[in-house]
Novice: 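What follows is a structure written as structure tokens; I'll ask about it next.
When a residue number appears, it is its place in the shown sequence, counting from 1. Values below: every heavy atom of this structure, side chains too, minus hydrogens, waters and symmetry copies.
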Amino acid sequence: MTGESTTHDPFRTRDTLATPQGQVVLFRLARVEEAGLARIGELPFSIRVLLEAVLRNCDGFQVTENDIRNVAGWRPAGV
């Protein structure tokens, strides 16, 4: 989505992509993996979508760095 921004990006995941329609903001899950928080390829698609959402909405108050860590560290019950 264009025009979205975040002021709190603890894992430096925010990036932009130039398109013919203009700049698009995106959040690179690979940077969460580089920070040692998760193996992105092992997370279910739904958890990856949730992780991108908490990265996009991280403001340090309602959505915090700890929330990102909790989602990235998701494990199925019984494991």
Side-chain angles (χ1 to χ4, degrees):
M1 295 186 174
T2 60
E4 289 187 34
S5 67
T6 183
T7 57
H8 192 72
D9 186 15
F11 302 104
R12 295 188 171 110
T13 58
R14 186 179 190 274
D15 205 351
T16 57
L17 177 67
T19 71
Q21 290 76 33
Q23 295 283 72
V24 177
V25 175
L26 58 97
F27 291 80
R28 299 203 180 268
L29 298 181
R31 293 186 183 157
V32 172
E33 186 166 4
E34 291 166 6
L37 298 179
R39 290 186 174 150
I40 300 302
E42 294 178 3
L43 293 175
F45 180 76
S46 59
I47 300 301
R48 286 183 260 167
V49 170
L50 180 60
L51 180 57
E52 191 274 338
V54 294
L55 290 168
R56 181 173 296 281
N57 291 290
C58 183
D59 61 4
F61 300 103
Q62 290 184 348
V63 180
T64 66
E65 182 177 333
N66 195 46
D67 295 322
I68 295 169
R69 290 178 185 280
N70 286 337
V71 173
W74 177 88
R75 298 288 176 262
V79 174

Novice: Which atoms form the tightest heavy-atom contact between Asp59 and His8, and what is the distance?
Specialist: C-CB, 3.7 Å
Novice: Show the nearest heavy-atom pair for residues Ala72 and Ala38, with the distance to one decimal.
Specialist: O-CB, 3.2 Å
Novice: Using 0.5 Å steps for rounding, measure from the CG atom of Asn70 to the OG1 atom of Thr64.
Specialist: 7.5 Å
Novice: Can you find a heavy atom in the side chain of Leu43 that is under 4.5 Å from one in the side chain of Leu29?
Specialist: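 Sidechains of Leu29 and Leu43: no contact.
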Novice: How about Asp67 and Val71: do any of their side-chain heavy atoms sit closer than 4.5 Å?
Specialist: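 A side-chain contact is absent here, since even the closest heavy-atom pair is not under 4.5 Å.
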Novice: Using the side chain to side chain contact (heavy atoms under 4.5 Å, CB included) definition, which of the options Arg31, Arg14, Glu65 pairs with Asp9?
Specialist: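 Testing each of Arg31, Arg14, Glu65 against Asp9, the sole residue satisfying side chain to side chain contact (heavy atoms under 4.5 Å, CB included) is Arg14.
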Novice: Which is it for Ile68 and Thr13 under the side-chain contact (heavy atoms from CB on, under 4.5 Å) test, yes or no, and what are the steps along the way?
Specialist: CA-CA 11 Å; Ile68 295 169; Thr13 58; over 6 Å; no
Novice: What distance do Glu42 atom CD and Arg75 atom CZ have between them, rounded to the nearest 0.5 Å?
Specialist: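 CZ of Arg75 is found 7.0 Å from CD of Glu42.
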Novice: Taking it one step at a time, do Phe11 and Arg69 satisfy side-chain contact (heavy atoms from CB on, under 4.5 Å)?
Specialist: CA-CA 10 Å; Phe11 302 104; Arg69 290 178 185 280; 3.9 Å; yes
Novice: Report the C-alpha distance between Asn57 and Gln62 in whole Å, list the side-chain angles of each, state the deciding distance to 0.1 Å, and finish with yes or no for side-chain contact (heavy atoms from CB on, under 4.5 Å).
Specialist: CA-CA 9 Å; Asn57 291 290; Gln62 290 184 348; over 6 Å; no
